[in-house]
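The structure appears below as structure tokens.
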Amino acid sequence: EEKPSLSSALFAGTRFDRKRFAGDIARFRTGAQPAAPAPATPDAAPPGPEKKRKRKSKANAKKNSKNVVEGFSVFKGAEAKEATEESVEVVVREDEDSAVVRRRKEAEREIERAAILRKRYDIHISGHNVPAPLESFEELVSRYDCDSYLVGNLSKLGFQEPTPIQRQAISILLSGRECFACAPTGSGKTLAFLLPMLMKIKPGSKGCVKAVILCPTRELAAQTTRECKKLAKGRKFGVKLMTKDLSQDGNFKDMHCDILVSTPLRLDHAIRKRDLDLSRVEYLVLDESDKLFELGFVEVIDSIVKACSNPSIIRSLFSATLPETIEALARTIMHDAVRIIVGRKNSASSMIKQKLIFAGTERGKLIALRQSFAESLNPPVLVFVQSKERAKELYRELVYDDIRVDVIHGDLTEEQRQDAVDNLRAGKSWVLIATEVLARGMDFKGVNCVINYDFPESASAYIHRIGRSGRAGRSGEAITFFTEEDKPFLRNIANVLVSSGCEVPSWMVALPKLKSRKHRVDRDRISFLTDED
Ligand SMILES: Nc1ncnc2c1ncn2[C@@H]1O[C@H](COP(=O)(O)OP(=O)(O)OP(=O)(O)O)[C@@H](O)[C@H]1O
């Protein structure tokens, strides 16, 4: 997929010091001298400095001969002087040539090193002159002059080695390139965009937002803000979460906010109604980018992108799923972006053991769920349903059982939603029933099991939901119930299982392909209990 070109072949994987090699750049540009002349000698070895010197001296002797009168040189002194100058020039040029050869070899070694690292970490890229992935976090200091406080914070957070997406995305963003990145759930994408951001921007003064991170849900925005604060500890960065109050009444001119984390609608509101100025934003991140576009926010995102009008802005898109349509849309807003895929595009994390269970009917699902809890309940567990009504219904059923269950959906207040998340994190609840609001990006330490009580509406919804477990190298389990009504839609999900090495009955993958990728079923009620029961 990588498109080779002269410049990418020469410089891909290298950190190219443009100032230092300005002379060489000029030569490549004019095309005056190919960087790597094909050796004409039969032994095909590039001429060494000694050989070259002799060849050039002969040429000079020929050239100088026109100044010589037979038997006597009329310009003896001048000639001698000129000859000296010429030889100085020759030596200088030879030095330059050998420097070019040396640099070419260095560049080739760099390309090789980068290719080996990419192969080792299953990183696939497309784009020109892509910098090599990081070998370690120490390289942040040796190669990119990273402040010691940041490296200290990384080690305090227990991050010893970069994950594959961090290795490649960090070097790309630090080299000032835009990127769109697709890497499995739980593989550390957040740090991949936070770290370069904190390295590049400086803590500043009031009224000047330097970085914006867009997230599809408030919970994810809150989580990202917290992660950013942890990583920035020790420096006076203003890291702000766009709350409802801030979006409606915030006085952004008097606020110290270097990094702003928001959902799209709140940010758009603040831009239009609170005069939030984003013209000096240097970094814009669209996290869970496919979801952002999918939510019907294309116009809102477009206006946010336009509000971030700094011409040298660096934009990046991150997600575990990147459909072609979104990629095409993203390309329209980015320039010379690098595309990074870790592992296989649009696939589930390999750390999750996935199972599909036929439960027959809605009633069968409730029985299967209770049975599964009775057999083994290994909290924390997330149970996904397809709507807030169904979340409330399932909660009413389970709240009487002998398990600590909680629920989260869009009808709750922001505080109630945050409490539900915090309770699961603190172990106060064991089972959290959730709608799609929790499917994206949420990082709960050690979620052992995700249960898709309602069959997910698409393969990407499935990948994100089950990706709440099996994070940061830990293993996880995902159980998906299906009924007769879901059977026609099994194929897409079964294919995800197959591509991550899980077994499925062959009839599932042999099911006919459906035109629509989305699957929304009108289901029978889960429970006939009411709020008063
Ligand atoms: N280099 C690292 N070493 C160890 N753990 C890490 C490293 N980087 C990130 N983590 C941890 O991995 C977990 C998952 O990271 P993160 O939430 O960024 O995943 P993600 O790729 O954004 O997932 P999703 O696609 O679900 O949003 C977090 O708990 C984070 O602290």
Side-chain angles (χ1 to χ4, degrees), residues 121-123 133-140 146 150-151 153-171 179-198 213-217 219-231 233 261 285-292 316-322 340-352 380 382 384 421 424-425 434 436-447 450 459-476 478:
Y121 297 111
D122 208 2
I123 300 168
L134 297 178
E135 279 196 66
S136 65
F137 280 136
E138 283 79 60
E139 237 180 297
L140 289 174
C146 178
L150 251 182
V151 187
N153 286 349
L154 283 178
S155 93
K156 274 185 215 147
L157 290 167
F159 301 159
Q160 289 165 354
E161 255 197 275
T163 63
I165 187 60
Q166 291 164 1
R167 289 175 195 276
Q168 186 60 89
I170 290 174
S171 71
C179 72
F180 37 103
C182 180
T185 50
S187 66
K189 293 186 286 291
T190 316
L191 186 73
F193 59 74
L194 287 181
L195 197 72
M197 184 184 283
L198 291 174
I213 304 168
L214 271 188
C215 305
T217 64
E219 284 73 18
L220 182 57
Q223 177 181 289
T224 305
T225 310
R226 210 179 43 245
E227 293 303 306
C228 186
K229 283 182 179 166
K230 277 196 240 165
L231 198 63
K233 210 166 176 185
V261 190
V285 178
L286 306 191
D287 193 15
E288 307 292 347
S289 42
D290 53 332
K291 190 72 185 175
L292 287 172
S316 56
L317 273 68
F318 284 81
S319 185
T321 47
L322 191 65
I340 317 164
I341 311 282
V342 174
R344 292 180 61 178
K345 203 175 155 203
N346 304 334
S347 62
S349 159
S350 58
M351 300 304 292
I352 309 165
L382 275 174
F384 282 102
V421 169
L424 189 75
R425 285 211 164 104
E436 224 56 35
V437 293
L438 272 212
R440 291 274 184 158
M442 294 307 291
D443 184 53
F444 300 104
K445 291 265 170 332
V447 167
V450 169
S460 66
Y462 175 76
I463 290 167
H464 288 277
R465 280 180 177 189
I466 69 165
R468 295 321 96 208
S469 78
R471 302 176 72 76
R474 292 188 194 88
S475 60

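Residue numbers start at 1 and run along the sequence shown. Just so you know, ligand 1 is whichever comes first in the structure, and atom 1 is the first atom listed for that ligand.
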ask   = Any Lys/Arg nitrogen of E436 or R465 sitting under 4.0 Å from an Asp/Glu carboxylate oxygen of the other?
value = yes

Contact partition for P184 relative to ligand 1, non-hydrogen atoms under 4.0 Å = backbone

message = Quick check: G188 and ligand 1, any N/O pair under 3.5 Å apart?
response = yes

task = Please indicate whether any nitrogen or oxygen in H464 is less than 3.5 Å from any nitrogen or oxygen in ligand 1.
result = no

inquiry  = Measuring from non-hydrogen atoms of G186 to any atom of ligand 1, is the shortest distance under 4.0 Å?
reply    = yes

ask   = Who gets closest to atom 17 (O) of ligand 1 by heavy atom: K189, E227, R471?
value = R471

query = Looking only at N/O atoms, are S187 and ligand 1 under 3.5 Å apart anywhere?
reply = yes

key: Contact (N/O only, under 3.5 Å) between E161 and ligand 1   = yes

M442 and ligand 1 - part of the residue with a heavy-atom distance under 4.0 Å = neither

task = Could you go through the salt bridge (charged side-chain N to carboxylate O under 4.0 Å, His left out) check for R471 and D443 one step at a time?
result = CA-CA 8 Å; R471 302 176 72 76; D443 184 53; 2.6 Å; yes

ask   = Going by distance only, is there an N or O of T185 that falls short of 3.5 Å from an N or O of ligand 1?
value = no

message = Regarding atom 14 (C) of ligand 1: of the candidates L195, D443, T163, which has the closest heavy atom?
response = D443

